[in-house]
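These notes concern the structure reproduced below.
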Number of protein chains: 2
Amino acid sequence: MRLMQNPAPQRDSYHHGNLPQVLIREGAALLAERGIDRFSMREVARRAGVAVAAPAHHFGNARGLLTAIAAEGFGQLAQRQATAAAAMTDPRDKVIARCRAYIAICVEEPGQALVMFRPELVNDSDPLFQERAVQTFALFRDAVARAAIPDANASQVGQIAKTLWSMMHGLQALRMITDAEAEGLIRFAVGAMLAGPR
Amino acid sequence: MRLMQNPAPQRDSYHHGNLPQVLIREGAALLAERGIDRFSMREVARRAGVAVAAPAHHFGNARGLLTAIAAEGFGQLAQRQATAAAAMTDPRDKVIARCRAYIAICVEEPGQALVMFRPELVNDSDPLFQERAVQTFALFRDAVARAAIPDANASQVGQIAKTLWSMMHGLQALRMITDAEAEGLIRFAVGAMLAGPR
DNA sequence: CCTCTATCTGATCATTGCTCAGATCAAAAT
DNA sequence: ATTTTGATCTGAGCAATGATCAGATAGAGG
């Protein structure tokens, strides 16, 4: 049996009030700052001003927090892509705009991006994560379907969507492009994939 | 001042003889078995039958060992791609064969693949790593150049090569394809990219 | 035989993820 | 109004990790 010796809370109230959201925000910031290999649950707790064990109550373990951060990121990505696509009228430009938004979120929200596209880091059976990830890709595939040639079947549309989605991921993960190159590369790839092989 | 108390070596000789290569092999095996987040230098040392501090002498730190594993992987990838391409005569088939080899090494050598395409996990200023990584991609780009339409310039060839290379990475990193799908997807993407936008 | 140098060892330190019993507190139940 | 309940948060403890250090070992060349 262990006795409490220094209960001293550092906050106004014992209960934080909104800890899960704060942990997600601080976690994403720490990821952006340090990268995944120097990410630490204890440091997140420290920055949130709570005990090291507090995060575990809400997220179970480190993987749980990373999963929540990724789910949050997919929500943001879907929203950004919708906004970007809405600003365009041509179906092909809508696809291009969605690709741009993908690259943009990786640049502007590096914390979320670091875990969103790493299946091995998250708990991919988490319902919220799964729903948002699937939904985000589905919206992209629908945009591709509307831009594809009229007689394209679902299988072909799926191939194009998967290919472009993968390409976006690879370009930023492998650091193969600068921001300046991105635009031309996206236009070229989207144009080529929608046209298909000759 | 610290005194040695139990020198007891567990091997025939005090010196291992070929420790760096054994550590690279065991490290890759451990990566394949546990993934990057449960990878441990100490476990690698244990499996190699040496003290926990022995690897540090050869590789400096964990990042150093991961970098060496990645460099080893790029050597293997270049070799596999060369062999696969040599078996084909048509330039386009050579490109397809190289893409297939990329996917294949990710499936068959998951340990190496786990670190080869993660710039943030390795020391990308390491000369051996850098040379092999650059060389491997350069060979791929040359294959694309020979398959591209005759009037394609270097910039266009570079775009196609980067796009296909990124796509291969994304497909396997995001786990978007099964082995069965891979062939069709690769043929479609290579055909479309070499044809370009219409 | 002796020195030099690279290799390898065991110990130590700060830090980490996780678990646990117990403290706190808001809100529901009485 | 008082009690109970359940969720939230705390500090301590444990096993494990990466990194570093002085010292032990052995092979190579003088």
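Lettering of chains follows the sequences in order, A, B, ..., and the numbering in each one begins at 1.
- Between A/Pro197 and B/Arg198, the shortest heavy-atom distance links the atoms O-NH2, 4.4 Å.
- One N or O on the side chain of B/Arg63 and one on the backbone of B/Glu120 form a donor-acceptor pair closer than 3.5 Å.
- Distance, B/Phe59 CZ to C/dT7 P: 11 Å, rounded to whole Å.
- Panel note: side chain A/Gln76, backbone A/Gly73; no donor-acceptor pair is recorded below 3.5 Å.
- A/Phe39 pairs with exactly one of A/Val115, A/Leu65, A/Leu114 by the side chain to side chain contact (heavy atoms under 4.5 Å, CB included) rule, that one being A/Leu65.
- Applying the 4.0 Å criterion to OP1 and OP2 of D/dT8, one finds that A/His57 has a side-chain N or O inside that range.
- When all heavy atoms of B/Asp93 and B/Met88 are compared, the pair lying nearest together is O-CG, 3.7 Å.
- Atom CZ of A/Arg63 and atom C1' of C/dT16 are 16 Å apart (whole Å).
- Here the P atom of nucleotide C/dT16 and the CZ atom of A/Arg47 are 11 Å apart, to the nearest Å.
- Contacts between residues 29-43 of chain A and DNA chain C, defined by a heavy-atom separation below 4.0 Å, involve A/Phe39, A/Ser40, A/Met41, A/Arg42, listed by number.
- Residue A/Arg46 is the one, among A/Arg46 and A/Ala53, whose nearest nucleotide of DNA chain C lies closer to the 5' end (criterion: closest heavy atom).
- Each of D/dT20, D/dA19, D/dT10 was ranked by its minimum atom distance to the side chain of A/Ala54; first place goes to D/dT10.
- No side-chain donor-acceptor contact under 3.5 Å links B/Gln130 to the backbone of B/Pro127.
- Across all strands, B/Ala62 comes closer than 4.0 Å only to sugar-phosphate atoms, never to a base (heavy-atom distances).
- Atom CG in B/Leu65 sits roughly 10 Å away from atom P in D/dG18 (whole-Å rounding).
- Within the 4.0 Å cut-off from OP1 or OP2 of C/dC8, at least one side-chain nitrogen or oxygen of B/His58 is found.
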